[in-house]
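Below is one structure; the comments refer to it alone.
Keep in mind that this is a model prediction, so the values were computed, not measured. All values below were derived from every heavy atom in this structure, side-chain atoms included, with hydrogens, water molecules and symmetry-related copies excluded.
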Amino acid sequence: MAKPLKKFVSCVILDLDGTLLNTDGVVSEVLKGFLAKYGKQWDGREAQRIVGKTPLEAAAAVVEEYGLPCGKEEFLAELQPVFYAQLCNIKPLPGASRLLKHLSGHGVPMALASNSPRGSIESKISYHQGWKDYFSAIVGGDEVTAGKPSPEIFLEAAKRLNREPSSCLVIEDSMPGVTAGKAAGMEVVAVPSVPKQAHLYTSADEVINSLLDLQPEKWGLPPFQDWIEGTLPTEPWYISGPVIKGFGRGSKVLGIPTANLSPKGHSSLLSEHPSGVYFGWAGLSTRGVYKMVMSIGWNPYFNNAEKTIVSAIITWMLTTASLINDC
């Protein structure tokens with residue numbers, strides 16, 4: 001069935017950190033090490049306050065929250081060299097490369113608009129082959145008088161693309177970015193990078209779970225052709241571990257037992273894959289290989305504190321309960 005058209009756009013302006021690149025994971029690791037020197041522990045509670053901010057604004061938020069004995073400038077000067085040394089380890093978020101390749105292949109003009117300095121933007125994308133060539137314009141936070149949530153950075157991007165703001169589609173992960181895009185008179189798709197915050201993005205024209213869920217045809221852009229009967233095939237990936245005791249909630253709500261895999265040691269892998277239901281195969285040491293469905297996510301129904309992995313084995317011969325007992 002054809003998707004209802006929201007509005008025709010002629011170009012796409014994207015944020016970088018948290019939208020195309022999983023910068024937040026590297027930032028968290030760097031902050032953990034840095035704060036440990038002051039006897040502090042990074043627990044992620046500041047993630048929502050620093051997402052979408054300029055580097056100096058983010059530094060100020062962390063210094064204030066943790067009561068650090070240094071100024072924001074000193075904090076940033078000490079942290080940045082450590083962060084820049086990790087740029088090569090920042091991976092694209094799910095669907096980022098697919099989206100850029102698709103839009104570029106259909107001649108859709110694209111721009112990058114980030115609160116990060118221009119030099120930092122170019123350094124980050126230099127580690128991803130072909131990315132720089134995808135963008136007709138790049139605008140950094142140091143090239144405008146005010147960063148997001150001011151609309152200036154998006155208006156400058158539209159100007160460099162030679163497009164009217166009303167014909168631009170912005171894709172953003174942060175609230176400051178969404179606010180800036182709407183203030184610029186543009187259509188905005190939000191891809192929240194902070195877990196379980198989607199309900200806050202009421203000003204966005206659309207909120208999606210990951211870039212894999214973007215449907216360009218809703219905006220008059222060429223559709224993806226890789227979906228098969230409502231399912232998106234992905235490259236195979238693997239995860240293994242012991243089944244751990246859960247809360248018994250799945251059995252009570254669904255009426256069938258479910259198998260929880262421990263997320264310990266899999267945080268990096270899980271960050272590379274969006275929440276959702278996956279189809280695949282599961283191997284059990286004493287039973288063989290079976291068809292399987294697996295849910296990955298925070299499960300907002302139960303308000304989980306971390307991303308969980310829940311699998312269910314499909315078989316006509318054995319019950320899920322007996323398989324779980326064998327694991």
Side-chain angles (χ1 to χ4, degrees), residues 14-91 93 112-127 138-157 170 172-184 190-195 197 200-201 203 271:
L14 301 110
D15 175 54
L16 182 62
D17 301 310
T19 300
L20 292 175
L21 291 180
N22 187 21
T23 317
D24 298 344
V26 171
V27 169
S28 292
E29 291 302 314
V30 171
L31 284 173
K32 284 179 184 178
F34 182 84
L35 291 174
K37 296 192 305 182
Y38 293 98
K40 310 284 186 177
Q41 183 177 357
W42 169 257
D43 56 11
R45 67 176 183 266
E46 278 304 293
Q48 189 173 347
R49 283 187 61 189
I50 67 176
V51 167
K53 300 294 182 68
T54 66
L56 196 58
E57 290 171 340
V62 175
V63 168
E64 178 185 358
E65 178 66 25
Y66 288 89
L68 300 181
C70 62
K72 57 186 179 182
E73 292 85 0
E74 181 185 348
F75 173 87
L76 197 59
E78 188 173 350
L79 196 70
Q80 278 188 330
V82 182
F83 174 70
Y84 285 145
Q86 297 296 319
L87 292 185
C88 60
N89 295 322
I90 300 177
K91 296 183 179 181
L93 283 160
L112 268 181
S114 169
N115 269 349
S116 294
R118 173 67 179 263
S120 174
I121 296 171
E122 294 191 344
S123 294
K124 292 170 188 172
I125 64 175
S126 69
Y127 291 100
I138 297 175
V139 186
D142 57 343
E143 296 180 275
V144 293
T145 57
K148 308 167 191 177
S150 164
E152 184 182 356
I153 197 166
F154 286 127
L155 293 174
E156 179 62 24
V170 167
E172 262 282 356
D173 73 296
S174 71
M175 279 303 303
V178 171
T179 301
K182 294 309 298 178
V191 195
S193 57
V194 178
Q197 298 296 318
L200 300 177
Y201 289 71
S203 61
S271 70

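Not counting sequence neighbours, D142 has no partner by the side-chain hydrogen bond (donor to acceptor under 3.5 Å, both in side chains) test. For T179, the side-chain contact (heavy atoms from CB on, under 4.5 Å) test picks out P149, M175, with sequence neighbours left out. Remark: K32 pairs with E29, W42 by the side-chain contact (heavy atoms from CB on, under 4.5 Å) rule, at least two apart or across chains. In this structure, the side-chain contact (heavy atoms from CB on, under 4.5 Å) partners of L93, at least two apart in sequence or on a different chain, are N22. Listed by chain and number, the residues in a ring pair (Phe, Tyr, Trp, His ring centres under 6.0 Å) with Y38 are F34 (sequence neighbours excluded).
Panel note: side chain E152, backbone A146; a donor-acceptor pair is recorded below 3.5 Å. Side chain of K148 to backbone of A113: a donor-acceptor contact under 3.5 angstrom is found.
Within the 4.5 Å cutoff, the side chain of V170 has no heavy atoms near those of the L14 side chain. Residues F83 and I90 are in side-chain contact: their nearest non-hydrogen atoms beyond the backbone lie under 4.5 Å apart. With a 4.5 Å cut-off on side-chain heavy atoms, D15 and L20 do not count as touching. For the pair S114/D17, a side-chain contact is recorded, criterion being any heavy-atom separation below 4.5 Å from C-beta on. At least one side-chain heavy atom of Y201 sits less than 4.5 Å from a side-chain heavy atom of P192. By the 4.5 Å heavy-atom criterion applied to side chains, E156 and I153 are not counted as neighbours. Contact check for R118 versus I138: side-chain heavy atoms found under the 4.5 Å cut-off. Side-chain atoms of L112 and V139, non-hydrogen and from C-beta on, never get closer than 4.5 Å to each other.
In this structure, A184 and P151 approach most closely via the heavy-atom pair N-CB, 3.6 Å. Nearest heavy atoms, C70 versus V63: O-CG1, 3.2 Å. Shortest non-hydrogen contact noted between Q86 and N89 is OE1-ND2, 2.7 Å. Across every non-hydrogen atom of S193 and G18, the tightest pair is CB-O, 3.9 Å. Annotation for N115 and G147: closest pair OD1-CA, 3.3 Å, computed over non-hydrogen atoms.
For the residue pair K124 and S116, a side-chain donor N or O sits within less than 3.5 Å of a side-chain acceptor on the partner.
Applying the salt bridge (charged side-chain N to carboxylate O under 4.0 Å, His left out) test to every pair with at least one member in residues 68-79, sequence neighbours left out, gives these pairs: K37-E78.
Of the inter-residue distances, the one linking K40 atom NZ with L31 atom CG reads 14.0 Å to the nearest 0.5 angstrom.
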